[in-house]
Amino acid sequence: MPVYGVTPETLEERLLQLPKHARAWAQAAGYKAGAAKVLTLPGEDGRIAFALLGLDREGSHPDFAAGALAGSLPAGDYRIAEGFADTDTAALAFALSAYRFGRYRRTSSAELPRLMVPSGTDVGALGIILDGVGLARDLINTPANDLGPAELADEAARLFAAHGGTTEVVVGDDLLDKGFPMVHAVGAGSDRAPRLVDCTWGPQDAPKVTLVGKGVVFDTGGLDIKPSNAMLLMKKDMGGAANVLGLASMIMAAKLPVRLRVIIPAVENAISGRAFRPGDILQSRKGITVEIGNTDAEGRLILGDALALADEEAPEILIDMATLTGAARVALGPDLPPFYTDDDTLADRLAAAAHAVNDPLWRMPLWKPYAKYLESRVADTNHINTTGGGFAGSVTAALFLAKFVEKAESWVHFDIYGWSPSERPGRPKGGEAQAIRALFSLFRERFPVDA
């Protein structure tokens with residue numbers, strides 16, 4: 001059954017090309033071709049014969065509205081017909097919207113519609129993206145009772161083993177011996193031992209691309225405990241780890257000519273007599289002493305040790321991803337993750353890639369004068385803003401992380417949300433992959449397979 005893309009301006013022309021009874025049905029339904037609005041039309045036998053989809057004419061990717069088809073069309077086989085400018089985008093949006101997390105449902109969801117991939121679509125590339133996004137979403141959607149630090153480490157090891165990579169894991173008190181005191185401190189309050197996961201893939205002499213992901217499998221806030229309503233989504237606090245694993249899946253499946261490294265500090269920020277406290281002063285792998293201003297700002301602590309490790313081999317590109325601050329959501333909302341970097345050229349290319357693949361990002365400033373907000377009277381630094389009246393929370397978090405990066409040629413920090421609070425085309429409600437389609441597009445351009 002054909003699906004036609006329409007706008008308010010093209011709707012009448014399209015209806016004139018359809019049988020009279022279908023045209024009458026659309027008029028009787030009062031269909032106006034609003035963005036992502038779907039209308040099925042009958043054939044002479046009364047069965048569905050056509051569908052109309054309103055394209056988002058005000059958006060930069062109008063054909064992404066095709067994601068709405070996955071949840072609006074009844075079961076059946078459909079094909080993209082006239083009216084779409086970019087059928088690859090339409091196919092991707094449909095497939096992204098068709099994602100379902102069914103691990104805990106005793107009965108399967110209703111049968112979904114199926115879309116014939118348009119001729120000329122790069123099915124292999126589409127599958128690589130969908131697998132990476134699906135992995136990130138699955139990990140975020142899995143509750144903490146089934147995804148602890150050990151299980152997260154196992155998922156990383158399984159992914160890398162499938163592509164011929166290797167994984168090393170440092171567990172529990174060995175973190176102190178191996179030089180990861182902040183990872184150990186944050187995870188010490190849980191009965192589930194913290195760990196540092198270090199995965200590698202690709203030849204040693206290839207350009208080094210290192211990804212660091214925050215792996216807090218659940219965040220109670222620690223002794224600075226969160227209110228109950230703020231804990232409801234804390235299974236997603238490992239969204240940074242989930243997203244770097246999704247991106248790693250894409251890179252390895254595409255066989256990009258890089259030496260890939262993924263580092264994940266995996267912990268649970270729990271409460272017990274072993275939990276770290278406000279006012280504690282922690283040693284770090286970098287040698288910087290850190291005064292604890294609030295135990296609910298644990299993510300940047302474990303990232304500090306992980307970034308210090310990553311930076312030691314001076315990678316060409318060092319990227320960290322974390323569900324780090326509420327301040328980022330206040331500033332930009334859940335759908336537009338900020339990123340921070342001092343590399344203007346890389347920032348411009350990343351912004352262009354994000355726009356090209358409809359994976360929105362927004363650059364924020366590493367505003368050095370705000371570093372004064374992290375000053376401590378008793379340690380080298382505090383890890384939160386204690387002197388600036390609560391201002392610039394996402395910026396000061398990025399400035400704290402910057403203290404642990406010196407040798408990398410380029411460093412980018414992403415403060416993602418990792419969750420779609422509502423259903424939108426290409427983005428079902430629940431765990432979400434953010435920035436990794438943009439990064440994959442950037443890496444495919446920068447590290448072409450044929451180079």
Side-chain angles (χ1 to χ4, degrees), residues 160 165 179 196-214 240-241 243-248 250-252 254-265 284-288 300 302-322 324 337-354 356 359 361-368 371 395 397-416 435-451:
F160 272 75
L196 192 286
V197 186
D198 191 351
C199 307
T200 55
W201 172 88
Q204 284 281 350
D205 59 351
K208 292 180 172 62
V209 174
T210 301
L211 313 177
V212 175
K214 173 186 170 183
N243 273 270
V244 298
L245 288 174
L247 177 56
M250 297 179 190
I251 291 171
M252 292 187 289
K255 296 180 171 56
L256 298 190
V258 299
R259 191 269 194 176
L260 175 66
R261 188 180 190 187
V262 170
I263 300 173
I264 296 173
S284 70
R285 182 178 185 85
K286 188 75 173 175
I288 299 169
R300 66 198 70 182
I302 64 173
L303 287 174
D305 274 354
L307 284 169
L309 172 66
D311 190 59
E312 289 167 7
E313 64 172 10
E316 182 172 319
I317 298 179
L318 173 56
I319 288 170
D320 79 77
M321 306 187 80
L324 206 60
F339 71 94
Y340 297 83
T341 183
D342 277 335
D343 188 329
D344 293 337
T345 300
L346 180 59
D348 289 345
R349 290 175 178 172
L350 179 56
D359 193 8
L361 299 169
W362 194 264
R363 187 184 185 186
M364 293 277 274
L366 279 165
W367 185 247
K368 301 301 192 296
V395 177
L399 289 171
F400 175 79
L401 295 179
K403 296 175 183 289
F404 300 88
V405 180
E406 290 182 327
K407 299 177 182 178
E409 293 181 34
S410 298
W411 167 62
V412 190
H413 161 59
F414 292 86
D415 191 343
I416 65 173
I436 63 174
R437 290 193 293 110
L439 284 166
F440 181 54
S441 176
L442 176 70
F443 289 159
R444 289 180 72 186
E445 180 180 342
R446 181 161 177 167
F447 307 110
V449 173
D450 296 331

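Just so we're clear, the structure is a prediction, and the values are computed from it rather than from any experiment.
Legend: residues meeting ring pair (Phe, Tyr, Trp, His ring centres under 6.0 Å) with F414, ordered by chain and number and at least two apart, are F339.
Closest approach of K208 and Q204 over heavy atoms only: NZ-O, 3.6 Å. Taking both residues in full, the closest heavy atoms of L361 and A354 are given as CD1-CB, 3.9 Å, listed atom of the first, atom of the second, then distance. The shortest heavy-atom contact between P257 and P448 is CG-O, 3.3 Å. Closest of all the heavy-atom pairs between R300 and F400 is O-CE2, 3.4 Å.
The main-chain N or O of S410 is never found under 3.5 Å from a side-chain atom of D343 such that the two would form a donor-acceptor pair. The main-chain N or O of P338 is never found under 3.5 Å from a side-chain atom of D415 such that the two would form a donor-acceptor pair. Of the possible polar contacts, none joining the R259 side chain to the A206 backbone as a donor-acceptor pair under 3.5 Å is found. Distance alone, capped at 3.5 Å, is enough to place a donor-acceptor pair between the R363 side chain and the T341 backbone.
Atom NZ of K403 sits about 11.5 Å away from atom NZ of K286, to the nearest 0.5 Å. In this structure, CZ in F440 is found 8.5 Å from CG in L247, a value given to the nearest 0.5 Å. The distance from the CG atom of D344 to the CZ atom of R349 is 12.0 Å, given to the nearest 0.5 Å. The line from CG of D198 to CZ of F160 is 9.0 Å long, rounded to the nearest 0.5 Å. In this structure, CG in L439 is found 11.5 Å from CZ in R446, a value given to the nearest 0.5 Å. Distance CG/D342 to CG/L366: 5.0 Å, rounded to 0.5 Å.
Counting heavy atoms from C-beta outward, L211 and L260 have side chains that approach closer than 4.5 Å. In this structure the side chain of V395 reaches within 4.5 angstrom of the side chain of Y340, judged on heavy atoms. At a threshold of 4.5 Å between non-hydrogen side-chain atoms, the residues L309 and L196 count as touching.
Atom NZ of K368 has more than 12 neighbouring heavy atoms from other residues, nucleotides or ligands inside a 6.0 Å radius. Counting non-hydrogen atoms of other residues, nucleotides and ligands closer than 6.0 Å to CD of E313 gives a total above 12.
Using modelled atom types and a 3.5 Å distance limit, the side chains of W411 and D320 yield a donor-acceptor pair.
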Candidate pair F443 and I251, rule side-chain contact (heavy atoms from CB on, under 4.5 Å), full reasoning: CA-CA 8 Å; F443 289 159; I251 291 171; 3.7 Å; yes
Take V212 and L318 through the test side-chain contact (heavy atoms from CB on, under 4.5 Å) and record every step on the way to the result. CA-CA 8 Å; V212 175; L318 173 56; 4.0 Å; yes
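Comment: R285 does not engage D311 in a salt bridge, judged by the lack of any side-chain N to carboxylate O separation of less than 4.0 angstrom.
Remark: of the listed residues I319, I317, I263, V262, I263 is the sole one forming a side chain to side chain contact (heavy atoms under 4.5 Å, CB included) with T210.
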